[in-house]
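Comments concern the structure below.
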Amino acid sequence: MSAEIISGTEISKAIKEELKAEVAELAEKHGVVPGLVTILVGDDPASQSYVSAKNKTAHALGIHSEQVTLPAETSEEELLGLIDKYNKDDKINGILVQLPLPKHINEARVLYAIDPDKDVDGFHPVNVGKMMLGEKCFLPCTPHGILELLARSGVETSGKEVVVLGRSNIVGKPIANLMLQKRESGNATVTLCHTRTKDTDFHTRRADILIAAVGVPNLVKADQVKEGVVVIDVGVNRVGKTESGKAILAGDVEFESVKEKASKITPVPGGVGPMTITMLMKNTVQAARQAAGLE
Ligand code: L34
């Protein structure tokens with residue numbers, strides 16, 4: 001049996017259609033145009049490609065977007081000054097500082113400086129705290145995208161054994177938390193594995209749903225999963241280049257072998273990645289509605 005492919009590209013398309021209609025209605029009925037600013041420090045090619053995709057998508061949906069690119073030597077003070085400027089700018093509802101930042105900049109200081117009401121990444125401690133408590137807030141884009149992928153491809157999560165690989169603040173910790181909550185795509189029994197887990201295979205082999213977010217290409221092999229598992233592969237690893245210079249991508253899961261055992265699986269590219277971008281748009285629209293007093 002070969003797994004059903006969960007297409008993040010297709011599901012993204014459907015959500016973007018919904019958002020486009022919502023943005024048009026916001027403009028028509030309320031004169032509201034959601035605004036997003038992305039800030040990139042440095043010239044990491046992967047970050048550049050993600051940030052430009054974010055701006056392009058915003059534009060296609062009718063969201064006002066500004067793209068700021070700063071040299072790698074930019075000081076923390078300069079970056080904080082820029083964030084302060086956008087915190088006060090009424091045209092801007094969402095501020096995104098692309099990670100990772102250069103080493104000389106304190107990431108926490110930067111993320112804490114963003115107005116929580118404009119924190120469309122959901123990285124500010126106020127939003128992280130609200131998320132943990134199950135209150136309304138901006139959910140971080142990648143975990144938010146995973147919840148939507150599961151819901152829209154009809155994956156039952158209630159009472160299921162979910163195993164998450166990786167404990168990052170961006171993916172592992174928040175998705176583990178969200179999936180144990182009483183919510184759609186929640187109510188699961190969650191195990192979070194990391195580099196100090198004693199017997200990771202023991203856990204992955206009993207997973208009904210396996211979420212891999214470690215950033216190691218092809219780490220998970222077919223003999224580490226059970227028949228019928230649903231696999232969400234968050235890894236977007238650059239493993240080489242084609243002759244024309246295009247990046248070759250691999251997930252954290254060995255797709256070709258694992259898809260023969262899984263019931264459903266996300267591909268890389270075209271799985272979780274596009275959903276991350278789409279959920280940023282969803283959060284930006286939410287931010288604009290809130291700023292306009294519409295919810
Ligand atoms: N602040 N920093 C902040 N917010 C985020 O949500 C991110 N993330 C992660 C890195 N830093 C961040 C992203 O935007 C990862 N990430 C991201 C976004 C989009 C894609 C991958 C990672 C994506 O679109 N991936 C495509 C392939 C694109 C390519 O060819 O490189 C895919 O199909 O998986």
Side-chain angles (χ1 to χ4, degrees), residues 1-16 44-54 56-57 98-100 140-153 155 162-168 170-172 174-176 179 185 193-194 200 204 207-226 228-281:
M1 188 190 75
S2 192
E4 178 190 317
I5 308 296
I6 302 178
S7 169
T9 308
E10 287 303 315
I11 293 174
S12 269
K13 220 182 254 175
I15 298 172
K16 283 188 282 192
D44 175 64
S47 297
Q48 278 174 342
S49 103
Y50 302 153
V51 165
S52 72
K54 289 173 184 185
K56 219 175 106 189
T57 307
Q98 188 70 18
L99 301 179
C141 301
T142 302
H144 198 177
I146 294 171
L147 297 180
E148 285 285 339
L149 278 179
L150 292 168
R152 293 188 187 230
S153 51
V155 176
V162 171
V163 175
V164 177
L165 304 182
R167 56 177 153 187
S168 70
I170 296 195
V171 186
I175 194 62
M179 291 198 70
S185 300
C193 299
H194 48 75
T200 302
T204 58
D208 299 314
I209 301 171
L210 180 66
I211 301 176
V214 287
V216 178
N218 304 313
L219 179 71
V220 178
K221 316 275 193 227
D223 67 342
Q224 292 165 294
V225 301
K226 79 174 178 193
V229 65
V230 172
V231 176
I232 304 292
D233 190 349
V234 186
V236 184
N237 307 294
R238 288 171 146 65
V239 292
K241 276 186 180 171
T242 63
E243 275 177 25
S244 62
K246 214 174 153 246
I248 299 170
L249 304 178
D252 292 347
V253 175
E254 194 179 75
F255 183 80
E256 287 307 321
S257 62
V258 173
K259 84 171 192 314
E260 298 306 321
K261 240 174 145 180
S263 60
K264 298 185 183 196
I265 188 167
T266 62
V268 177
V272 175
M275 292 297 289
T276 296
I277 295 177
T278 300
M279 299 327 284
L280 174 67
M281 303 303 131

- Query: In chain order, what residues pass the salt bridge (Lys or Arg N to Asp or Glu O under 4.0 Å) check against E260, with sequence neighbours excluded?
  - Reply: none
- Approximate separation, where rounding is to 0.5 Å, of S153 OG and I265 CD1: 12.5 Å
- Quick one: salt bridge (Lys or Arg N to Asp or Glu O under 4.0 Å) partners of K259, sequence neighbours excluded? E256
- Query: Taking all non-hydrogen atoms of both residues, which atom of K226 and which atom of A207 are closest, and how far apart?
  - Reply: CE-O, 3.4 Å
- Would you find more than 12 non-hydrogen atoms of other residues, nucleotides or ligands less than 6.0 Å from K13 atom NZ? no
- Item | Minimum side-chain heavy-atom gap K264-I232 below 4.5 Å | no
- Flag side-chain contact, heavy atom, 4.5 Å: K241 against I248: no
- Note on the structure: So CD of E254 and CD of Q224: to nearest 0.5 Å the spacing works out to 9.0 Å
- Message: Let me confirm one number: the OG1-CD1 distance from T276 to I146, rounded to the nearest 0.5 Å.
- Response: 7.5 Å
- Do the non-hydrogen side-chain atoms of R152 and I15 ever get within less than 4.5 Å of each other? yes
- Message: Can you tell me how far apart CZ (F255) and CD1 (I5) are? Round to the nearest 0.5 Å.
- Response: 3.5 Å
- Note on the structure: Value for CD1 (I277) from OG1 (T142), rounded to nearest 0.5 Å, stands at 9.5 Å
- Report yes if the side chains of C193 and T204 come closer than 4.5 Å at any heavy-atom pair, otherwise no. no
- Note on the structure: In short, A250 meets V239 closest at the heavy-atom pair CB-CG1, 3.8 Å
- Heavy-atom check, side chain of D252 versus side chain of L165, under 4.5 Å: no
- Query: Taking all non-hydrogen atoms of both residues, which atom of G251 and which atom of D233 are closest, and how far apart?
  - Reply: CA-OD2, 3.2 Å
- Task: Using a cut-off of 6.0 Å, state whether more than 12 heavy atoms not belonging to K221 lie near its atom NZ.
- Result: yes
- Item | Distance-minimising heavy-atom pair for M281 and K54 | CE-O, 3.2 Å
- Task: Please report the closest heavy-atom contact between V268 and V236, naming both atoms and the distance.
- Result: CG1-CA, 4.3 Å
- Taking C-beta and beyond as the side chain, do S47 and P100 meet within less than 4.5 Å on heavy atoms? yes
- Query: Taking atom CD1 of I6 and atom OG of S263, what is their separation to the nearest 0.5 Å?
  - Reply: 8.0 Å
- Determine the minimum heavy-atom distance between S12 and T278, stating which atoms define it. OG-OG1, 3.0 Å
- Side-chain touch M179/L150, heavy atoms, less than 4.5 angstrom: yes
- Close side-chain approach of I175 to L147, heavy-atom, < 4.5 Å: yes
